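Order of the sequence lines sets the chain letters (A, B, ...), proteins ahead of strands, with each chain counted from 1. All values reported here derive from a predicted model rather than from experimental measurement.
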Amino acid sequence: MTIADVAPRLARGEVKSEKLTEDCLSQIEALNPKLNAFITVTAGQALAAARTADQEIAAGRYRGPLHGIPVSLKDLVDLAGVRTSAGSLVRKDHVASADAVVTTRLREAGAVFVGKTNLHEFAFGTTTEDSGFGLARNPVDPTRSPGGSSGGSAIAIATGMSLGTVGTDTGGSIRIPAAACGVVGLKPGWGEVSASGVVPLSRQLDHVGPLASCVADAWIQYNAMLPAQQRTPQPPAAARLKGLRLGVPAGYLFDRLDADVERVVDATLEHLRSAGAIVTEVTIPHAADMATVYLHLVLGDAAEYHARTLLSHPHDYTPNVRLRLEMARYVLAEDYVRALRGKAVIAHEVDRALEGLDALVLPSLAIPAPPLGAATMPVKGGPEAVRTLMLRCSQPFNLSGHPAISLPCGTTHGGLPVGLQLAGHKGQTAALVQAALAVERSIAQA
Amino acid sequence: MTVGEWLDWAKADAAKRGLPDLIGPLEGLAQATERLRAADWNDDADKDTPVESPEAK
């Protein structure tokens, strides 16, 4: 079920929000003990909000396509009166005194909040294994990670525990779990959606955005997250695939792929070519420096945020996250500044790569969802650390601030989802969504 | 401070703080820092850093 399909039926009174919400809560009750997607379920509040939405719609006060839609929030995002744990026992007693800006906007659009989803502790990881509330499991194969850090949000969408969800993305944390669980994840351009009221990992790399069942649903949520004057009343139409100009950033971003991921992405690119897209190769000269630039920035920023609690509550962190935060405290100022310069260089190079194109196209995730506990995965060129592989294809657009979206494009021989990533021009997220709608439709028809 | 000098100091500090598990991650960070310092944008400190397009802000 998609928001785009059900919203008109809600508006006409053919479907009730209360029923939709009950269905999502039933899914949570049935599946959460196994998948651990939710840290907090707000059933009572959700049902009350759903009944209110039904009354408003019946009275002719329909607010738009999110009115009465069950939505979840990554437990990094404040929901007034409810704990924001950030997936950590460090914050087990922290109750939000107010909504985050993004929560307020979704609430004003009529969203019904069913709960707070599990994540890699403080969003500082890509597998949702290190959570103070227990690891989350991939719904396609529960022996595998759902990706992260917004792992619970991706599970919620994939299993119908909620129809929409809010995630955050510092190095890929919306797009990685979207790819691993077979759903859509949209990272808007940096700063487009307010991060106020969202626990930060790195304020200069953090992005807030939606995960969804389809590109249209991602757009509906993204549009509602924007300031009122930037919203558009009508959803964008799909771009024409024939003549769509797509750039493949060959080299580093394609060098260390799982064989199955490479096969699926190559086949998708060939399909898009045959459908009329103009696919050319482009270069990002400093692509190989992205990982080290990213590392020094995220470590420096995380060290600043966690300095006090690392001293006061060191044993409330999960061991792996605590270790990485302790390491972060050793980054030298001069190296942090070198990384800042590198970030600007890379942002400039992504702008250059996009010249004359509608979007860049590449895998969202170099590997399929990794087995829980895996330290390395086999890829072209030999085994590589899971964390490095998980971030490899997504972190460029956190450094550069360009909008990027992941959408499913096929499965491995073992049935695990593979994600295709499109990255667009700054300030043109709507155009990126139009391109993604065209690609999504074409893949569905393949 | 060279990366080698930094690593010696950091490892000693981690040991003093009772965090021996930090040694391995610090060695990995040292390799990443070597790579960062070798990047060519560090070659000329007088060179302007590219300006990000205003839409990013």
Side-chain angles (χ1 to χ4, degrees), chain A residues 189-192 204 285-286 288-297 299 310-311 314 319-320 322-352 354 385 387-388 397 399-403 424-429, chain B:
Chain A
W190 186 84
E192 279 191 82
Q204 62 182 314
H286 284 91
D289 294 311
M290 288 172 181
T292 188
V293 169
Y294 175 84
L295 181 67
H296 286 81
L297 293 178
L299 289 181
L310 266 180
L311 288 174
N320 289 336
R322 182 191 173 201
L323 202 62
R324 299 194 68 240
L325 288 168
E326 291 286 1
M327 175 178 73
R329 302 175 73 188
Y330 291 91
V331 171
L332 296 177
E334 63 177 281
D335 294 317
Y336 185 88
V337 175
R338 288 185 179 100
L340 282 174
R341 289 193 75 184
K343 176 180 184 289
V345 168
I346 289 162
H348 181 67
E349 290 179 354
V350 174
D351 274 335
R352 294 288 299 272
L354 275 162
R387 179 177 170 79
T388 308
F397 310 113
L399 291 170
S400 73
H402 292 76
H425 294 268
K426 287 176 181 167
Q428 297 183 34
T429 303
Chain B
M1 184 185 282
T2 66
V3 173
E5 290 166 344
W6 166 82
L7 181 59
D8 289 343
W9 163 77
K11 286 161 72 172
D13 187 68
K16 191 171 70 182
R17 294 175 57 220
L19 296 169
D21 290 349
L22 207 48
I23 304 297
L26 285 169
E27 289 171 345
L29 178 58
Q31 290 175 12
T33 303
E34 292 276 18
R35 178 167 190 111
L36 177 70
R37 292 188 181 191
D40 60 3
W41 62 78
N42 300 307
D43 291 349
D44 183 357
D46 290 326
K47 191 175 177 182
D48 287 340
T49 302
V51 178
E52 292 188 42
S53 55
E55 289 83 359
K57 301 300 176 190

Peer 1: For A:Arg322, which atoms come within 4.5 Å of any heavy atom of chain B: side chain, backbone, both, or neither?
Peer 2: side chain
Peer 1: Check each atom of A:Glu334 against the heavy atoms of chain B and say whether the ones under 4.5 Å are side chain, backbone, both or neither.
Peer 2: side chain
Peer 1: Taking the six-membered ring for Trp, is the centroid-to-centroid distance between B:Trp6 and A:Tyr330 below 6.0 Å?
Peer 2: no
Peer 1: Identify which part of A:Arg324 has an atom lying under 4.5 Å from any heavy atom of chain B, answering side chain, backbone, both or neither.
Peer 2: neither
Peer 1: Of the non-hydrogen atoms in A:Arg338 and B:Trp41, which two are nearest, and what is the gap between them?
Peer 2: O-NE1, 3.1 Å
Peer 1: With a 4.5 angstrom heavy-atom cut-off, is it the side chain or the backbone of A:Ala288 that approaches chain B, or both, or neither?
Peer 2: both
Peer 1: A:Val331 and B:Leu29: side chain to side chain contact (heavy atoms under 4.5 Å, CB included), yes or no, with the steps?
Peer 2: CA-CA 9 Å; A:Val331 171; B:Leu29 178 58; 4.2 Å; yes
Peer 1: Can you give me the closest heavy-atom contact between A:Leu323 and B:Asp21, atom names plus distance?
Peer 2: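 Smallest heavy-atom distance, with atoms named: CD2-O, 3.6 Å.
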Peer 1: Relative to chain B, which of A:Val293, A:Leu332, A:Leu299, A:Leu295 shows the most heavy atom pairs under 4.5 Å?
Peer 2: A:Leu332
Peer 1: How many angstroms lie between CG in B:Asp40 and CG in A:Asp289, if you round to the nearest 0.5 Å?
Peer 2: 7.5 Å
Peer 1: Measure distances from B:Ala38 to the heavy atoms of chain A and classify the residue's part below 4.5 Å as side chain, backbone, both or neither.
Peer 2: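 Neither the backbone nor the side chain of B:Ala38 comes within 4.5 Å of chain A.
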Peer 1: Taking all heavy atoms of A:Met327 and all of B:Leu22, pick out the closest pair and write down the distance.
Peer 2: N-CD1, 3.7 Å
Peer 1: In terms of heavy-atom proximity below 4.5 Å to chain B, should A:His425 be classed as side chain, backbone, both, or neither?
Peer 2: neither
Peer 1: Where does B:Leu26 contact chain A at under 4.5 Å (heavy atoms): side chain, backbone, both or neither?
Peer 2: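 For B:Leu26, the contact with chain A is made by backbone and side chain together.
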Peer 1: Should the heavy atoms of other residues, nucleotides or ligands under 6.0 Å from CZ of B:Arg37 be counted, would the total exceed 12?
Peer 2: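 Yes, CZ of B:Arg37 has more than 12 neighbouring heavy atoms, counting only those of other groups under 6.0 Å.
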Peer 1: What closest approach, in Å, do B:Thr33 and A:Thr292 show between heavy atoms, and which atom pair accounts for it?
Peer 2: N-OG1, 4.4 Å
Peer 1: Would you compute the distance between atom NE2 of A:His296 and atom CZ of B:Arg35 and round it to the nearest 0.5 angstrom?
Peer 2: 12.0 Å
